[in-house]
Amino acid sequence: MALHKGSAHSTEPSDPRRRLALNPFFGEADPTAGMESAPPRHKLPDGPLPPATAYGLVHDELMLDGNSRLNLATFVTTWMEPQAGVLMGECRDKNMIDKDEYPRTAELERRCVAMLADLWNAPDPATTVGCSTTGSSEACMLAAMALKRRWAAKNADRYPATARPNLVMGVNVQVCWDKFCTFWEVEPRLVPMEGDRFHLDPQAAADLCDENTIGVVGILGSTFDGSYEPIAELCAALDALQERTGLDIPVHVDGASGAMVAPFLDEDLVWDFRLPRVSSINTSGHKYGLVYPGVGWALWRSPAELPEELVFRVNYLGGDMPTFALNFSRPGAQVVAQYYTFLRLGREGYRAVQQASRDVATGLARKIEELGDFRLLTLGDQLPVFALTTKPEVTAYDVFDVSRRLRERGWLVPAYTFPANREDLSVLRIVCRNGFSSDLAELLLEDLRLLLPELRGQDHPLSAEHGPATSFHH
């Protein structure tokens, strides 16, 4: 959650024109009632407003937000069926933590964990443990906490006095992993990008491991370019490391997006609990799990991978409630929506939805490449996501100019620079989600075609004068 400072204004403007912030028809009966002044914006008003008036004020201001359906920066679900919305509305007042008070909601959460354990090929789904979270960021932190605690138990004679734990991962990881390392005092060891490799190299990751490594993170679907990291090769490199040194390093798979894509579209890809070294997996229910934000899931291969001392058993509202989470109260609506979606789609339904998104991504990538100005870094054939940059001979504009001009037409397409070792590379990234149809893709392509003559006519990239207008969004 972003941190926001308070208002820079010590007092509200007294200009009588502020009353024009109110539409006269917001009055419930008399259109001119209460039109002397508008409510303050940076302190609580002295009295209440009619609900229609409050709604109108907030609704009008939110119109200045971008259209979420045209936001091709976010992985987060922006469309669900009306029936899912009804269910969520019926459950938004249920506190997910009150499992004794809402036992059926708790049962739906348990069923979702069991379904994911089966989907991810757990050796014994009946003994796999897991929980829902507010999103994959919380799920990643819970998994990393378990890795650290297991390492600490094995190194009780050295930690915390003489040993500092480290976590190995690619430089392309989502920012939540940086947060974990900062908050829980773990050294991040980052495998850099090299050349046209934009994610972790298995052998390079193994070379960074030592007796203080709590685990290695593999990403099934990098947010930078949509590519899968080679989880099986990573496990093989760590197997070889154990044979040479005796170091037994577990792997956590950050499957925020790919863990809800690969099981349906890449069934022969071995990345999950079929690999004995994979200790835990997380995913975002609110990404390719197809649920509105925010819900995530964290699963461990067996109870042995989740130290019991991390599980709190709370006597809450008369019941013994085991819980493993960074927060406490949260609505049950998203968990119910996840179960609805699992029930609604099944394996074949998910396969159809994810295949449609991948087809849109690969088709759009190919057509953009045919325009002649762009080079594809990825094709959208893993995650339904692809990254592209301008060709070397394109000197009149850059990806930041493209992003800025598309925004003028309502499209939110992020442009950003890659991290260390490839900071010379700036790209556009397009995320294709359920609801971004082939028709919308054609509209995006047409707008891009219309912009190109103007962009080609520039003397130089405008970002050289004003700086990049957009940045990387996970």
Side-chain angles (χ1 to χ4, degrees), residues 116-117 120-125 127-131 136 138-156 158-159 163-170 173-174 176-177 180-181 184-191 199-220 228-256 258-259 270-283 297-311 324:
L116 289 171
W120 295 340
N121 295 292
D124 183 2
T127 63
T128 300
V129 292
C131 62
S136 58
E138 182 186 5
C140 288
M141 292 195 186
L142 296 179
M145 286 167 58
L147 290 175
K148 183 181 178 184
R149 184 59 61 93
R150 288 172 58 202
W151 170 86
K154 291 180 179 179
N155 295 273
R158 300 187 303 119
Y159 178 77
R164 185 188 180 196
N166 65 73
L167 181 66
V168 175
M169 49 197 168
V173 291
Q174 211 264 3
C176 69
W177 291 103
F180 168 79
C181 290
W184 275 272
E185 298 180 325
V186 171
E187 175 196 354
R189 293 189 175 178
L190 302 177
V191 177
H199 56 226
L200 173 146
D201 173 73
Q203 189 55 53
D207 292 342
L208 289 176
C209 293
D210 59 23
E211 68 275 8
N212 294 328
T213 301
I214 65 174
V216 180
V217 177
I219 307 175
L220 197 69
Y228 294 158
E229 290 193 328
I231 308 298
E233 289 85 345
L234 172 62
C235 290
L238 294 174
D239 289 343
L241 177 69
Q242 184 176 7
E243 290 179 7
R244 293 195 311 272
T245 67
L247 294 175
D248 185 9
I249 309 295
V251 168
H252 171 78
V253 178
D254 182 352
V270 178
W271 62 272
D272 51 18
F273 288 127
R274 285 171 288 182
L275 298 167
R277 195 166 292 277
V278 172
S279 170
S280 50
I281 302 172
N282 73 273
T283 197
W297 301 93
L299 271 69
W300 289 264
R301 169 182 293 275
S302 71
E305 277 76 26
L306 178 59
E308 176 63 26
E309 62 266 26
L310 292 178
V311 179
F324 183 37

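Just so you know, these numbers use all the heavy atoms, side chains as well, and skip hydrogens, waters and symmetry mates.
For Arg301 (side chain) and Phe273 (main-chain N/O), a donor-acceptor pair under 3.5 Å exists by modelled atom type.
Looking only at side-chain heavy atoms (C-beta outward), His199 and Ile219 stay at 4.5 Å or farther from each other. A heavy-atom distance below 4.5 Å is not found between the side chains of Asp254 and Val173. By the 4.5 Å heavy-atom criterion applied to side chains, Val191 and Glu229 are not counted as neighbours. For the pair Val186/Lys148, a side-chain contact is recorded, criterion being any heavy-atom separation below 4.5 Å from C-beta on. The shortest distance between side-chain heavy atoms of Pro188 and Leu167 does not fall below 4.5 Å. Counting heavy atoms from C-beta on, the side chains of Val270 and Leu275 come closer than 4.5 Å.
Taking the six-membered ring for Trp and thresholds of 30 and 60 degrees, Trp120 and Trp271 have ring planes more than 60 degrees apart, a perpendicular arrangement. Between Trp184 and Phe180, the angle of the ring planes stays under 30°, which puts this pair in the parallel group of the 30/60° scheme.
The salt bridge (Lys or Arg N to Asp or Glu O under 4.0 Å) check on Asp201 picks up nothing, with sequence neighbours excluded.
One side chain, Arg150 or Ser279, offers a donor N or O that lies under 3.5 Å from an acceptor on the other.
Among the candidates Arg164, Glu187, Arg158, the single residue satisfying the side chain to side chain donor-acceptor pair (under 3.5 Å) test with Asn212 is Arg158.
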### Task
Walk me through it: do Leu306 and Arg149 pass the test side-chain contact (heavy atoms from CB on, under 4.5 Å)?
CA-CA 9 Å; Leu306 178 59; Arg149 184 59 61 93; over 6 Å; no
